[in-house]
Each structure stands twice: as structure tokens, then as C-alpha cells.
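For reference, the structure is listed below as C-alpha cells.
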Amino acid sequence: MFGLGRFLRSGKLFRSKFVIIGAIAILLIWFGSAFAFDQRSIFLPGTTSDGHYLFDTSCDSCHEGFKPVSNETCNRCHEAELATDVHGAKKFRDPRWAEFVENLDILTCTACHAEHVHMFGRGVNLKPDLCMACHQGVIEGDLASHEGFSPDGCWTAGCHNFHDHRAISTGFLRQNLDQPWMLPKPALPIRTVEVKRQTAPEPDLSREFLGGKG
């Protein structure tokens with residue numbers, strides 16, 4: 001009590017109020033200016049993917065108030081291209097594939113395409129080994145041609161597109177074959193040296209200097 005009374009008498013409480021009110025006023029001016037001058041990008045919590053960067057200053061294009069982005073929002077632009085998606089919602093509403101949905105929430109667009117977070121490329125925020133959530137067996141012997149493949153190489157190597165996995169993504173390969181990350185990395189061949197002698201050979205001067213005729 002003594003400390004509080006001393007605090008009140010010293011006027012620190014009133015000065016604290018002025019500091020708080022001043023901080024609130026500055027924030028209101030800052031927010032107001034952002035809206036007035038259409039600088040909404042200052043509200044972005046993180047980087048936007050390359051495919052969506054044009055919407056950086058148009059929050060309303062994807063967000064309705066403070067609600068999270070829904071599948072319906074994504075379909076406004078992507079419904080046509082997803083109509084032939086062989087990894088689409090129709091497939092995973094089939095009870096036969098229910099266990100795979102438990103591995104990865106494939107029915108929610110933002111499970112793989114959340115914005116304003118770290119991207120691993122191609123608008124995907126999950127680590128590149130995301131295919132292994134359902135296809136681990138492919139690289140472990142179920143498919144002989146893929147045995148031993150890297151678990152993060154399905155799409156980073158340019159071979160497969162999640163939404164069109166019927167065949168190799170040849171279009172992507174053509175566009176990126178000359179990119180440094182697509183080229184094979186040089187490496188020395190693995191060599192194994194077998195040592196047969198455990199001691200140095202005995203010197204033979206006649207063989208070294210007389211051609212074995214001494």
C-alpha cells in the first residue's frame with residue numbers, strides 16, 4: 001500500500017496514462033493511413049506466394065473479414081483447372097481412401113497452400129516430402145522403378161504434379177531443364193582400395209638397376 005500511494009503521489013500513474021493514450025493514437029493514425037493510402041501490405045504477416053503476390057494489397061480478394069480462407073474462396077479462381085484433378089476432393093470422399101485423408105487433410109486447400117508462411121516452392125507450404133504421407137511404399141519397393149528415390153523429389157525434381165499425377169510433368173521439365181537445381185551434381189566415383197601387402201617389399205637392387213641380369 002505504501003508503494004502504491006507513493007506511486008500515485010509521484011504522478012507516475014498519470015504519466016503512464018498519457019503514454020498509453022499516445023501509443024493508441026499513433027496506432028490509430030498508422031492503421032488509418034494504411035487504409036487511406038491503400039497500403040494494406042503492411043498488414044501482411046508474411047510472404048505471399050509467387051502466384052498470389054498480385055493480391056498483396058487486395059485482402060478482400062481472399063479474405064472475408066477475419067475469417068480464414070475457405071475452399072470456396074480458392075475455387076473462385078481455380079475451379080476450372082481443378083475440374084480434372086485426379087487428386088481432387090471427389091476421390092477422397094470415397095471411403096476407400098479415408099485413411100489417407102487422416103494422413104494429410106487433402107480436402108482443405110490451405111492444408112498445402114497456406115499463404116504468408118514459408119513456401120517450399122510452387123505455392124506449397126508443406127515440406128517437399130509431403131507425398132510420402134500416402135506413397136512411402138513407392139520408394140521402399142512397391143514400385144521397382146522408384147526404389148531408393150529421395151522422398152522429397154516427387155515434385156522438386158520436376159517429375160510429378162500433385163493435381164495431375166497421371167504422368168510425368170513434361171511441361172515443367174521442358175521449362176526448367178537448364179536450371180542449375182535441375183542439373184546433376186558432379187561427384188567423384190566411389191572407389192574402394194584393397195591393400196594386399198602389410199609390409200614393404202624387400203629391396204632388389206639387381207632388378208632395379210640391372211634389369212634383372214645381375
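All residue numbers refer to positions in the sequence shown, counting from 1. Computed from a prediction, not measured in an experiment: that's the story for all the values here.
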Any donor-acceptor N/O pair, Asn71 side chain to Leu107 backbone, under 3.5 Å
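Answer holds: yes.
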Output the distance between atom [atom1] ([X]) and atom [atom2] ([Y]), rounded to the nearest 0.5 Å.
X      : Y     : atom1 : atom2 : answer
Thr84  : Leu82 : OG1   : CG    : 8.0 Å
Asp85  : Lys91 : CG    : NZ    : 10.0 Å
Cys109 : Asn75 : SG    : CG    : 6.0 Å
Lys67  : Thr73 : NZ    : OG1   : 9.5 Å

Output every pair passing side chain to side chain donor-acceptor pair (under 3.5 Å) with a member in residues 111-120, not counting sequence neighbours, ordered by first then second residue.
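Listed by first then second residue: Thr48-His116, Ser49-Glu115, His52-Glu115.
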Show the numbers, then the answer: is there a side-chain contact (heavy atoms from CB on, under 4.5 Å) between Phe120 and Asp129?
CA-CA 10 Å; Phe120 290 90; Asp129 64 351; over 6 Å; no
Do you know the tightest heavy-atom contact between Ser61 and Ser58?
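In this case the closest contact between Ser61 and Ser58 is OG-OG, 2.6 Å.
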Could you pull out the closest heavy-atom pair between Thr108 and Asp105, with the gap in Å?
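Nearest pair, atom of Thr108 first, then Asp105: OG1-OD2, 2.8 Å.
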Could you tell me if the side chain of Trp155 sits less than 4.5 Å from the side chain of Leu130, heavy atoms only?
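Yes. Closest side-chain heavy atoms under 4.5 Å.
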Is there a path from [X] to [Y] through hydrophobic residues (I, L, V, M, F, W, Y) whose side chains come within less than 4.5 Å of each other?
X      : Y      : result
Leu28  : Ile20  : yes
Tyr53  : Leu44  : no
Trp97  : Ile106 : yes
Phe162 : Phe92  : yes
Leu126 : Met132 : no

Under 30°, 30 to 60°, or over 60°: which ring-plane class applies to His87 and His135, parallel, tilted or perpendicular?
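His87 and His135: tilted rings.
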Partner residues of Arg76 under the salt bridge (charged side-chain N to carboxylate O under 4.0 Å, His left out) criterion, sequence neighbours left out:
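Listed in chain order: Glu64.
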Atom CD of residue position Glu79 - does it have more than 12 heavy atoms of other residues, nucleotides or ligands inside 6.0 Å?
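Counting neighbours around CD of Glu79, 12 or fewer heavy atoms of other residues, nucleotides or ligands fall under 6.0 Å, so no.
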Heavy atoms from other residues, nucleotides or ligands near CG of Asn103 exceed 12 (cutoff 6.0 Å)
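Atom CG in Asn103 is packed in, count exceeds 12.
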